[in-house]
Protein chains: 2
Amino acid sequence: MNLLFKALNDATRREILKLLKEGDKTAGEIADHFHISKPSISHHLDLLKQAGLVAAEKQAQFITYSLNTTVVDEIAQWFIQFKTKKK
Amino acid sequence: MNLLFKALNDATRREILKLLKEGDKTAGEIADHFHISKPSISHHLDLLKQAGLVAAEKQAQFITYSLNTTVVDEIAQWFIQFKTKKK
DNA sequence: TTGATATTTAGACAAATGTCTAAATAATTC
DNA sequence: GAATTATTTAGACATTTGTCTAAATATCAA
C-alpha cells in the first residue's frame, strides 16, 4: 500500500498511467510525451513497476510498458472501505 | 488532485482517515492513537484538511475533525477511469 | 568489430517532507 | 487575573524525492 500511494504521488507518474491506459508503449515513446530527461522517466517507470502498477517486457532493444489493471482495481478497493459506511 | 495524493502518501494520515471513518474525533483523541508528538499530528491534520479529506470544527477549546466522504468518493472516481477500459 | 540506438545505472544536488522541541493562542476554571 | 488544558505555529534538522549529466549495458546493422 505504501509503494502504491508513493507511486501515485507524482503528476508525471499519474500521466504515464493515463498514457498506458490507451495502450502499451516503449520507454522511449513514453519519454517523448514529457519535457523531462529519459533517465528521469526511467526512474518514474521503475517506481511504477515497484508499486506493481505497470509491467515491463523486453522486446529486442525496446522495453514495452503496460498498465496493470489488477493493481489499479486493488487500490480502488481501498477507497471503497470508506464509501460503505452506513452507520 | 495533487494535494489529495500528497495527503494520502503517508501511513499515519491514512490511519487517521480510518479512525475518522468510525466517527468524529478531537485533535487530542486522534493524537492519542499514535506515538508521535501532538504538533506532528496537528501538521498531518492540516495536510488532510488542505486536501479536503477532513473538516475541522471548533467546539469550545476542542477542535473536532470529521471525514469528508464526498472527497473520498471524488478520488475513487479517479480510479474508475482506468477500470472502464473496454477496447 | 565498429557505430548507432534504446534504456538503465550511478552520483550529485536542490527542494520537499516528517519529525521534534519551544513558544504562541485560545478557552476554562479557580 | 493566574493557572490549566487543548491545539497550533515557528523553526530546526535529517531523510526522501525529482531532476540532471555522464557513464554503463544491451541490441541491431553495416
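Below, read A as the first sequence line, B as the second, and so on, with proteins coming before strands; counting in each chain starts at 1. Everything numeric here is computed off the predicted structure, so don't read it as measured data.
- Among the atoms of the strands shown, only primed sugar atoms or phosphate atoms (P, OP1, OP2) are found under 4.0 Å from some heavy atom of B:Leu47.
- When the nucleotides C:dT7, C:dT19, D:dT8 are ranked by their closest atom to the side chain of B:Ile63, D:dT8 comes out on top.
- Between B:Glu29 atom CD and D:dT5 atom C1' the separation is 14 Å, expressed in whole Å.
- Put simply, the side chain of A:Leu45 does not reach to within 4.5 Å of the side chain of A:Lys49, judged on heavy atoms.
- Of the side-chain N and O atoms in B:His44, one or more sit less than 4.0 angstrom from OP1 or OP2 of C:dT19.
- Contact check for B:Val54 versus B:Leu17: side-chain heavy atoms found under the 4.5 Å cut-off.
- Contact annotation: B:Thr26 reaches the phosphate of D:dT7 (side-chain N/O to OP1 or OP2, under 4.0 Å).
- Look at B:Thr12 and you won't find any side-chain N or O under 4.0 angstrom from OP1 or OP2 of C:dG18.
- A:Thr64 and A:Glu57 share no donor-acceptor pair across their side chains, judged by distance under 3.5 Å alone.
- Comparing A:Asp46 and A:Phe62 along DNA chain C, the residue whose closest nucleotide (by nearest heavy atom) sits nearer the 5' end is A:Phe62.
- The CG atom of A:Leu8 sits 14 Å away from the P atom of D:dT17 (whole-angstrom rounding).
- At a threshold of 4.5 Å between non-hydrogen side-chain atoms, the residues A:Gln77 and A:Asp73 do not count as touching.
- Using a 3.5 Å distance cut-off with no hydrogens or angles, the side chains of B:Gln50 and B:Asp46 do pair a donor with an acceptor.
- Base contact: B:His43 has a heavy atom under 4.0 Å from a base atom.
- A straight line from CG of B:Leu45 to C1' of D:dT9 spans 14 Å, rounded to a whole angstrom.
- Place A:Gln59 and A:His35 on DNA chain D by their nearest nucleotides, and A:His35 ends up nearer the 5' end.
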Please produce a list of atom pairs where a protein N or O lies less than 3.5 Å from an N or O of nucleotides 21-28 of chain C.
none

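- Going from atom CG of A:Asp32 over to atom C1' of C:dT7 covers 13 Å, rounded to whole Å.
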Query raised in the report: Can you list the steps and then say if B:Phe5 with A:Phe5 is a ring pair (Phe, Tyr, Trp, His ring centres under 6.0 Å)?
Result: CA-CA 7 Å; B:Phe5 280 109; A:Phe5 280 110; 7.5 Å; no
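- OP1 or OP2 of D:dT8 sits under 4.0 Å from a side-chain N or O of B:Tyr65.
- Nucleic acid contact class of B:Phe34 (heavy atoms, under 4.0 Å, all strands): none.
- A:Leu3 and A:Ile75 sit in two unconnected hydrophobic clusters of ILVMFWY residues. Membership requires side-chain heavy atoms under 4.5 Å apart, directly or through other members.
- Between the CD1 atom of B:Ile41 and the C1' atom of C:dT17 there is a distance of 15 Å, given to the nearest Å.
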